[in-house]
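Please read all numbers here as calculations on a predicted model, not as lab measurements. Atoms within a ligand are numbered from 1 in the order they appear, just like the ligands themselves. The basis for the numbers below is simple: all heavy atoms, side chains too, and nothing from hydrogens, waters or symmetry mates.
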Amino acid sequence: MSRLFISTLAILSLSACGGDTPEPTAPHTTSEAQAETRVETRAETPVAIAETVEDIGTSGDAETNILTSETIAAAAEPQIDTSAILLALGPDYADADLTNGRRQFRRCQSCHTMNEGGRHTVGPNLFGLMGSAAASSEGYSYSSALTSANLTWDTATLDAWIANPRALVPGNRMSFVGLRDAEDRRDVIGYIAIETAQ
Ligand code: HEC
């Protein structure tokens, strides 16, 4: 608005000046325009600042409140950087769909807990799984097949296990038909890695 006003003023003063108006008029007109600008700026600035402050004030407060409760929630639980965990699993896992991973894990939940200190049920508790030796969750009595399999759980072994546990370790006791879909396996492995991170 002020820019439009100034250019209108400039045009008006130019036409007022005419072709043969002596030079001194121009600086005068310019400073009038500048004065206008200053007045307008001065008039607008406090409003603009007030609005900005109001904006920041409201949303700032709301954000602070959210942040505060998030911070409290985060402080209650250990900080886990989910994207760093996924990235550490390998480039394919950066895209893991954790919502689907959680959904797929429902198939495992009937036999496994994975929270820290969770009970062994039909199967062993899976906390701290990634990078651990197979059959090493304390207090669970594994089949001799899995105990002697000499496996370490990483993305490759887990992928093969979840796809078809019997093919990877013949004679083991996990009666699970297997997840056929490679993306479902990727997603559930990503989800488990995050949930069982120590
Ligand atoms: C019907 C019950 C059942 C279901 C469903 C099941 N498991 Fe298991 N799981 C077991 C049993 C039992 C074992 C121990 C096998 C053994 O000792 O031979 C086991 C072992 C494991 C192990 C090895 C753990 C270790 O400490 O070495 C992993 C990993 C695992 N299951 C992951 C999964 C995942 C992931 C799913 C879902 C996709 C799943 N399980 C579904 C019963 C189940």
(message) Using a plain distance cutoff, I'd like to know if Ser110 has any nitrogen or oxygen under 3.5 Å from a nitrogen or oxygen of ligand 1.
(response) no

(message) Taking 4.0 Å as the limit for heavy-atom contacts, which would you say applies to Val169 with ligand 1: side chain only, backbone only, both, or neither?
(response) neither

(message) Give me the residue, atom name and distance of the protein heavy atom closest to atom 16 (C) of ligand 1.
(response) Ser143 OG, 3.3 Å

(message) Please list all pairs meeting ring-ring contact (aromatic ring centres under 6.0 Å, His included) that have one or both residues in residues 130-165, counting only residues at least two apart or in different chains.
(response) His120-Tyr140, Tyr140-Tyr142, Trp153-Trp161

(request) Check atom 8 (Fe) of ligand 1 and write out every protein N, O or S atom at under 2.8 Å, as residue and atom. (result) His112 NE2, Met174 SD

(request) Indicate the atoms forming the closest heavy-atom contact of Gly131 with Thr152, along with that distance. (result) O-CG2, 3.7 Å

(message) With respect to Ser137, determine whether any N or O atom, backbone or side chain, lies less than 3.5 Å from an N or O atom of ligand 1.
(response) no

(message) Between Arg173 and Leu146, is the side-chain contact (heavy atoms from CB on, under 4.5 Å) condition met? List the steps.
(response) CA-CA 8 Å; Arg173 271 201 326 252; Leu146 191 59; over 6 Å; no

(message) I need the minimum non-hydrogen distance between Pro170 and Ala145, along with the two atoms involved.
(response) O-CB, 3.5 Å

(message) Using the side chain to side chain donor-acceptor pair (under 3.5 Å) criterion, which residues pair with Asn125? Sequence neighbours excluded.
(response) Thr113

(message) Regarding atom 35 (C) of ligand 1: of the candidates Ile192, Thr147, Val188, which has the closest heavy atom?
(response) Ile192

(request) Measure the distances from the heavy atoms of Ala135 to every atom of ligand 1 and state whether one is below 4.0 angstrom. (result) yes

(message) Can you tell me if Phe105 contacts ligand 1 (heavy atom of the residue under 4.0 Å from the ligand)?
(response) no

(message) Applying side-chain contact (heavy atoms from CB on, under 4.5 Å), can you list everything that pairs with Thr196, at least two apart in sequence or on another chain?
(response) Met114, Leu126, Leu129, Ile192

(message) Looking at ligand 1, would Val122 count as a contact under a 4.0 Å heavy-atom criterion?
(response) yes

(request) Could you tell me if any non-hydrogen atom of Leu158 lies under 4.0 Å from any atom of ligand 1? (result) yes

(message) Less than 4.5 Å apart, side chain to side chain, heavy atoms only: is that true for Gln104 and Tyr191?
(response) no

(request) Determine, considering heavy atoms only, which of Tyr140, Trp153, Trp161 sits nearest to atom 32 (C) of ligand 1. (result) Trp161

(request) Looking only at non-hydrogen atoms, find the nearest pair between Val188 and Gly101 and report the distance. (result) CG2-O, 3.6 Å

